Amino acid sequence: MSRPIHSTIHYAALQHNLRLIQSKAPSAKVWAVIKANAYGHGIENVFDALRGADGFALLDLSEAEKLRALGWRGPVLLLEGVFEPRELELCSRLGLWHTVHNEEQIQMLAAHKTQQGHRIFLKLNSGMNRLGFDPTRFRSIWTRLNSMHQVEEISLMTHFARSESEIDMLQSLSIFKEATHDLNGERSLSNSGTVLGQMDLLSREGIQDDWVRPGIALYGASPEPRLKSAQEWGLQPTQSLRSKIISIQKVKFGDKVGYGSEHVVTKDMLIGVVACGYADGYPRVIGPGAQVLMHSGVRCPVFGRISMDMMTVDLNPCLEQGVAVSVGTEVTLWGQSKDGHRLAVDEVAGHAGTIGYELMCALASRVPAQSDFAGD
Ligand SMILES: *Cc1c(COP(=O)(O)O)cnc(C)c1O
């Protein structure tokens, strides 16, 4: 038998989250963001459930090739554009739309020999100071690109640094409006946080977002968990990391558990050893308070350091609640247990000082992932 750790990708939850996003932005088209191997889900595991999106946005050409190989003929957007000239040929061949955010990319495009004009997303820096052109140069760059035969159509794009803050949003939106108000082209502004929380603000500001770009919300985690949990947004978890107990130890007062012998036992305890460690993507830095989910909704505290391939948990809550555990009992590290209880990835991430995005994306490639489309 192979190690029992695996991740299950929930088909219906992906569809539910996509529909929720579509209902928040009913007049917009949706780029389903599937960068980072669909936030650690596997592009092949989410593609079918997300086909209802209008396009897919990603970073790597290899991911774009995979998507075309899966049979997607619709729009594909490279969110960071191309990194070297020969990638433009692949854009022409695969019909990829690409972001243009720096001068070097314009020069590559100007030197690119193509019959077919490219669809580009011209990126404005609206205050995040990561990618994009300065607002004062934006119009002249648009004009220059508009006159190039390599360019068929220009859309206008920006990315918000702090979509949860109305004040920051108003500032970025006014920069965007000022720089683009007299330019033609579709607009693409909103990430998950904006789609979930700020569509009213956009419409009050008179901005129509033609192409929203949700990522994390599709995957059922919250863009800003301290503000509002995924559940409160109505999102459903799409990735469940599950493994099994592979050993049980009875320990007593004064015993120590795990590397470093830091965790000293203060009462009789049952320790469950779970086949999941930091080499699987479970955070080694997890702090006190972190729990795993057992069947029947029982939560057991993590006890002892996380090692490379294993972790240890306190099974006493199962004893106290009369829930049977043995070697082979399933443990849910995040997501949803088979009997329908939830442990939000954001909650686990919070105990490791990070966000659900990182845990899902950092799930190790050695953890097999499978869609539950054909039944769990
Ligand atoms: C990753 C990314 C998104 C999606 O962000 P979420 O917070 O996951 O919704 C949107 N736009 C761009 C440019 C991105 O790089």
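In this text, all values refer to a predicted model and were calculated from it rather than measured experimentally. Ligands are counted one by one from 1 in listed order, and the atoms in each one are counted from 1 as well.
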Can you find an N or O of Leu79 that's nearer than 3.5 Å to an N or O of ligand 1? no

Inter- and intrachain pairs under ring-ring contact (aromatic ring centres under 6.0 Å, His included), touching residues 42-80, at least two apart: Phe47-Phe56, Phe56-Trp72

Are His295 and His341 an aromatic pair by the rule of ring centers under 6.0 Å? no

Which pairs count as salt bridge (charged side-chain N to carboxylate O under 4.0 Å, His left out) when at least one residue sits in residues 283-299, sequence neighbours excluded? Arg299-Glu347

Provide, to 0.1 Å, the distance between atom 9 (O) of ligand 1 and the closest protein heavy atom, together with that atom's residue and name. Ser192 OG, 2.5 Å

Ligand 1 contact on Lys35 by region, counting heavy-atom pairs under 4.0 Å: side chain

Protein heavy atom at shortest distance from atom 11 (N) of ligand 1: Arg213 NE, 2.9 Å

Could you tell me whether Tyr219 and His41 have their ring centroids closer than 6.0 angstrom? yes

Here the atoms of ligand 1 under 4.0 Å from any heavy atom belonging to Ile216 are 6 (P), 8 (O), 9 (O)

For Glu63 and Asn37, indicate whether the former's side chain and the latter's backbone hold a donor-acceptor pair under 3.5 Å. yes

Run the contact test for Tyr357 against ligand 1 with a 4.0 Å cut-off on heavy atoms, strictly below, and give the result. yes

Do you see a donor-acceptor pair shorter than 3.5 Å between the side chains of His10 and Asp372? yes

Which part of His159 is near ligand 1, with near meaning a heavy atom under 4.0 Å away: side chain, backbone, both or neither? side chain

Atom 8 (O) of ligand 1: which protein heavy atom is closest, and how many Å away? Tyr39 OH, 2.6 Å

